[in-house]
Each structure stands twice: as structure tokens, then as C-alpha cells.
Number of protein chains: 2
Amino acid sequence: MNLYGLIVFHHVAVMGSVTKAAEELRISQPAVTAHVRNLSHELGLTLLAPRGRGILLTAAGERVAAHAARVAALERDIKRDVDAFRSGESGVIRIAATSLPANFLLPGWLMTFREAYPSVVAKLVTGNARDARRALLHYEADLAVIGGSSEEFQGLSHRLLLEDELWFVVPAAHPLAGLSLALSSMIEQPFVMRETGSAAMDRLLSLCRVRGVRQPTAVLKVDGVQETVRHVAAGFGAAYVSSLEAKDAAARGEIARVDVTDAKLVNPIVLVWRADDPLPPIAAHFARQITGDGTAF
Amino acid sequence: MNLYGLIVFHHVAVMGSVTKAAEELRISQPAVTAHVRNLSHELGLTLLAPRGRGILLTAAGERVAAHAARVAALERDIKRDVDAFRSGESGVIRIAATSLPANFLLPGWLMTFREAYPSVVAKLVTGNARDARRALLHYEADLAVIGGSSEEFQGLSHRLLLEDELWFVVPAAHPLAGLSLALSSMIEQPFVMRETGSAAMDRLLSLCRVRGVRQPTAVLKVDGVQETVRHVAAGFGAAYVSSLEAKDAAARGEIARVDVTDAKLVNPIVLVWRADDPLPPIAAHFARQITGDGTAF
DNA sequence: ACAGATTCATAATTTAAAGTTATGATTAAC
DNA sequence: GTTAATCATAACTTTAAATTATGAATCTGT
């Protein structure tokens with residue numbers, strides 16, 4: 001079915017005149033007549049009847065005109081939505097993130113963003129850094145926020161968002177609480193570790209290998225972001241965690257930091273996106289918000 | 001916006017392939033590529049991204065594809081409805097009728113028709129014969145059922161549906177009940193008449209004029225179809241009415257017929273339509289039902 | 001790793017659609 | 001009865017949409 005013919009007929013029906021429809025559409029009157037004739041032939045219905053020196057819609061014409069109005073309305077609606085999408089007013093932001101940013105950074109960022117763009121829909125998938133990069137390359141996400149590694153990657157661009165300090169923490173009442181000491185001493189402590197490798201613990205293990213210090217021993221293996229800190233607070237042992245994870249509990253006096261003078265690592269948290277193709281406008285807005293600059297993404 | 005381009009893109013989105021979409025649309029692959037390119041340019045959005053040796057929809061593409069699916073669905077819906085309309089399965093029958101057929105004939109006819117065509121919508125306007133003809137000529141109705149006159153009319157065709165007998169009726173207990181007598185005697189009775197001229201009473205008045213008999217005298221003027229018979233039954237006087245109006249009351253013994261030997265008129269009831277243009281299919285079906293033949297309307 | 005097949009994009013060309021101007025028939029208006 | 005308005009038709013031009021042919025990139029299977 002020729003939908004443009006329907007749109008032309010819609011104008012004829014609304015104006016009640018072939019000539020007026022032609023003026024509105026900025027085409028000639030015979031062009032409108034031809035469209036109506038073609039549509040009429042295609043549908044097998046007589047749409048117009050001569051009425052005086054003008055025209056009048058037949059019953060079939062009235063019925064088809066009602067449908068034509070629906071098409072015109074749908075077209076307007078699509079146009080409106082596409083404009084909103086192009087300008088970045090609405091759309092879907094698909095984000096892949098590792099657990100630290102997914103739990104400690106993105107909730108706040110997305111909340112702020114939502115105030116400026118209320119019609120945004122965010123889809124957040126949490127996984128490890130490899131999952132996140134795979135999601136980007138498989139077009140399952142448009143942005144990734146990855147904590148713990150800032151390696152270059154084929155086809156991906158990245159940008160440092162912040163450098164998260166890694167802290168050794170112990171229960172608040174622990175003898176080492178608040179002290180300064182060397183890694184070799186700290187490592188003697190029993191550690192609470194994440195079951196699935198966390199970026200922080202990976203960094204610690206490789207640091208020990210480099211320094212020739214023995215590997216830390218796990219007194220407890222837990223799963224989940226909050227659980228490590230909770231179990232430290234409960235007295236199970238020390239842990240090596242992101243300052244973001246530890247900050248709140250430390251402020252509440254549940255755990256305490258230990259200053260290990262020869263192990264001051266930071267955990268880079270980077271924004272990653274596909275290097276080649278442009279971000280959806282709404283995702284670009286979000287990226288500009290969290291990087292705080294007007295770089296083209 | 002080029003809606004056909006959207007339809008083409010819809011096929012690409014559904015098939016996930018330019019080539020498969022081209023096969024489905026029975027056009028060449030470069031034609032599909034060109035449509036997508038044009039649409040992309042028109043909307044100012046990148047819709048497709050190369051993915052391996054195929055393509056993948058971008059976020060914008062997904063969003064536009066969702067709209068394209070709506071357009072495709074609407075097109076199917078319109079096609080379905082237009083087919084139903086063309087075949088006469090559905091549609092609107094606009095009927096203009098005079099009061100007698102509107103009250104005594106059309107209710108039954110429309111009820112029967114509705115059983116065969118449940119999705120029909122009937123619009124019935126009641127008026128006098130002139131109103132009904134005007135409604136036809138002004139395209140406000142497609143069919144008219146007119147009682148009482150069967151004159152030719154410019155631009156209108158007609159067909160006799162039935163010949164309704166006109167009866168003189170009196171209250172059941174009236175001395176004339178069931179008798180045979182001449183018009184000159186009958187006319188002495190006081191008559192119940194319709195306020196607005198009914199076809200039956202018009203015929204009676206002109207008959208009296210032709211026969212040189214004096215005009216009947218009105219003992220009561222009422223308005224409405226049923227009211228005349230009711231007031232006769234109540235004993236107000238005689239009346240000259242359609243057999244259709246009187247039949248039920250006569251069968252219930254509320255009124256009685258008087259056989260006036262020299263005044264046996266019939267009231268032709270005709271179906272009328274515009275001579276020049278074809279009836280809407282559904283109206284043609286209805287016309288065939290009530291005429292009981294397969295004449296082309 | 002390489003030959004062959006698949007998929008999409010581009011270029012050149014043809015075909016079909018859509019648009020134009022000019023003009024005629026019909027009807028309304030003065 | 002003349003004039004103006006409206007739509008339909010015809011002849012022609014322009015634009016859009018299709019075609020075939022071909023090239024670049026990528027996957028498949030040996």
C-alpha cells in the first residue's frame with residue numbers, strides 16, 4: 001500500500017478540497033488528483049465523488065480518511081520521538097560495569113542524570129572487566145565503567161574517571177588500627193577475601209609476588225561487595241578493599257584503616273566505549289556528565 | 001518522512017539482514033541499501049553498523065525499528081479493514097426513512113441483517129419523504145425507505161418494496177366495527193389525525209377532494225406513530241392508518257377495521273438510492289436483503 | 001593460511017513514479 | 001450570460017527507485 005498516497009488523501013479529506021490539499025502539500029493540483037486516483041485504484045474503492053465544483057468523500061472515502069488520519073498521527077509521533085532521541089532527551093543508556101562502580105558510583109550518577117533527563121531509561125549489567133568489554137564489543141552496552149584495570153584494548157577508547165585508593169582495613173578494635181607499618185608485617189594478618197576475584201585483591205597478590213613477600217592467607221572467603229567490609233567489622237580479619245567500599249564503615253567507626261607505607265596502590269576507574277562508532281546521544285550526554293567535560297564521544 | 005523507507009527498514013530489522021529483506025520485498029539488495037541510507041540521512045541517525053559480514057542495528061536503529069514495526073502493523077490493520085469494507089463485511093449503513101418504515105419495517109430488517117453481518121453499524125434518520133430524498137442527494141444517507149409516495153425523482157432510483165394497505169379503523173366497540181360501507185358514510189365519523197401530515201391522511205384528503213366528498217373532521221390531533229392507534233382504541237374516533245400500524249392493535253381486539261368499499265388505497269413503500277454512484281458494499285448487501293434479489297445497486 | 005562463499009556498499013544505468021504546465025469540462029456566483 | 005473556481009486529463013519533465021555489475025570485508029571449511 002502506498003502510504004504517501006494515504007497522507008496526500010488525508011490532506012484532501014481534512015481540507016475537503018483537492019486544490020487546498022495541493023497548496024498545503026506544496027505540490028500541484030494534478031499531482032494530488034493523480035495520488036487520489038492511484039490510491040482509489042489500489043484499494044478498489046471510489047474515494048471521492050464530484051459535488052458541485054468541488055468534491056465530497058464517499059462512504060469509502062470517509063472510512064479510508066479515518067485510517068489516513070491514523071497514519072498521519074503515527075508519523076507525527078515517530079518524528080517527535082526521533083527528534084527527542086537525536087537530541088538526547090530520551091533514549092536508553094546501556095551500561096556495563098564492574099561491581100565497584102556499579103554499586104558505589106553509578107547509583108548516584110544515574111540519580112543525578114535522571115533529574116536532568118527524566119525520560120531516560122538506564123540498563124545496567126554488572127560483571128567483571130572482561131564481561132564489560134565483551135558487552136561493548138558485542139553492542140550489548142554503549143558505555144562501560146570498569147574498575148581496577150586501565151589497559152588499552154583493541155577497538156575501545158577509555159578515559160580515567162577517578163583513582164580510587166586501596167585501603168588495608170581491620171576491625172575497629174584491632175591492635176593495628178590506625179598504625180603505620182610495612183607490607184611484610186601487614187601480610188601476616190588473616191585476610192577476608194572475595195570469593196570471586198576482586199580487583200583490589202588481584203592487585204595485592206601481584207604486589208606480594210613482585211616484592212617477594214609471601215601471599216596473604218584467607219581466613220574467610222565471602223561473596224558480594226558489602227560482605228567483605230561487614231565481616232571485617234565483625235572481627236574476622238583484615239581486608240584490602242577500595243576506599244569507596246570502606247569509607248562509610250570507617251566513618252561509622254566499624255572498621256579502621258592501616259597505613260601500609262610501602263603499598264599505596266590506587267585502583268583506576270575508567271569509562272570505556274567503542275572507539276569507532278558514535279555513542280547514542282543520550283549516552284554521550286551521560287558520558288559528558290560523569291567526565292565533567294565537553295569532549296566528543 | 002518517507003514511510004516506505006520505514007517499511008523497508010522494518011524488514012531489515014526483522015530479518016537482521018539487508019539481503020534477506022531484499023528477498024522478502026522482492027527487490028534487489030542495493031535498493032534496500034539505498035532505502036536505509038536515505039532514511040538514515042533523513043532522520044539524521046546511523047541506523048546500521050557493520051557487524052562481521054552482516055549488519056547490526058545501532059541503538060538508534062533499534063528505536064527506529066520499533067516505530068517501523070508500528071507503521072507496518074498499522075498498514076496491515078488498514079488493509080484488513082479496507083478489505084472488510086470492500087467485501088461489505090463491515091461498514092456503516094446510513095438510512096433515511098419516513099416514520100412508518102422506520103418504526104415498523106426497519107427494526108426487523110436491521111435485526112436480521114445484523115445476524116449475518118455483526119460488525120455493521122447502522123445509522124437511521126427519520127423524517128418525511130422530502131427530508132429522506134434530500135439526505136440522499138446531500139450524501140447524508142446511502143439508502144432511503146420511503147412510505148406513501150413513489151414519484152420519480154431526478155438523480156434517484158427507486159424500487160417498490162411492498163404495498164401497504166390503508167385501513168379505516170374504529171374503536172373495537174364502535175357500531176361500525178367490521179361493517180362494509182361507502183366513503184361518504186365513513187367520512188361522517190370524527191377522525192383522529194396526526195399533527196404532522198401522515199402519508200395515509202394525505203391520501204385520504206386528496207381522495208375526498210377527487211370524489212367530491214367532504215373533508216373528514218378532526219376530533220383530535222396527535223403526534224407520533226403509535227399515538228393515533230392508541231387514541232382510536234381509547235374511543236376518540238376513527239382513523240385512516242397503515243395496516244402495519246393497525247395490525248397488532250386489531251389482533252389484540254383493541255380496534256376494529258371498517259371495510260370502506262370505494263376507498264381501497266395502498267401505500268407504496270419504496271427503497272430509494274442515488275442513481276449515479278454505486279452504493280457502499282455493505283449498503284448494497286442490505287438492499288439486496290430487503291428487496292430479496294441480486295440486482296446490482 | 002588460503003580459496004571460496006557470503007554480505008553489504010558503491011557506481012553506472014534503466015525504469016518507473018511523481019511532479020510540472022497547459023487545457024478542458026462542469027458548476028457556482030455575480 | 002459571463003466570469004471565476006474546481007477538478008480531471010494529457011503531454012511532458014524531473015526525480016526517485018529500481019536494476020546489473022562490481023568491489024571490499026569477513027566468515028567458512030579445508
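Nothing here was measured: the structure is a model prediction, and the numbers come from that model. In what follows, chains carry the letters A, B, and so on, assigned in the order in which the sequence lines appear, proteins first and then strands, with residues in each chain numbered from 1.
Here the side chain of B:V18 is nearest to one of C:dC8, D:dA21, D:dT9, namely C:dC8. Of the listed nucleotides (C:dT21, C:dC8, D:dT6), D:dT6 has the atom at the smallest distance from the side chain of A:T19. Considering only side-chain atoms of A:N2, the nucleotide from D:dA8, C:dA18, D:dA18 that sits closest is C:dA18. Closest to the side chain of A:S28, out of C:dA9, C:dT21, C:dA5, is C:dT21.
In this structure, B:P30 reaches the bases: a heavy-atom distance under 4.0 Å links it to at least one base atom across the strands shown.
One finds the CZ atom of A:F9 at 4.5 Å from the CG atom of A:L47 (value rounded to the nearest 0.5 Å).
Computed from coordinates, the A:I7 CD1 to C:dA18 C1' distance equals 16 Å when rounded to whole Å. In this structure, A:L56 atom CG and C:dA28 atom C1' are separated by 16 Å, rounded to whole Å. The nearest whole Å value for the distance from the CG atom in A:L48 to the P atom in D:dC7 is 9 Å. When rounded to the nearest whole Å, the span between NE2 of A:H11 and P of D:dC7 equals 15 Å. To the nearest angstrom, P of C:dC8 lies 15 Å from CG of B:L47. Nucleotide C:dA16 holds its P atom 15 Å from the CD1 atom of B:I27, rounded to whole Å. The CD-C1' distance, from A:Q29 to D:dT9, rounds to 10 Å in whole Å. One atom, CZ of B:R37, and another, C1' of C:dT10, lie 8 Å apart when rounded to the nearest Å.
A:D83 and A:R80 are not joined by a salt bridge, as no carboxylate oxygen comes within less than 4.0 angstrom of a charged side-chain nitrogen.
A:H285 has its ring centre no less than 6.0 Å from the ring centre of A:F113.
For A:Y4, a side-chain nitrogen or oxygen approaches OP1 or OP2 of C:dG19 to under 4.0 Å. For B:T33 and C:dC8, the shortest distance from a side-chain N or O to OP1 or OP2 is not below 4.0 Å. Phosphate proximity of D:dA18 to B:H35: present, with a side-chain N or O under 4.0 Å from OP1 or OP2.
The side chain to side chain contact (heavy atoms under 4.5 Å, CB included) test with B:V145 is passed by exactly one of B:V272, B:L124, B:L106: B:L106.
Residue whose closest nucleotide on DNA chain C sits further toward the 5' end, between A:N38 and A:R53: A:N38.
A distance-only check finds no donor-acceptor pair linking the side chain of B:D77 to the backbone of B:A73 [under 3.5 Å].
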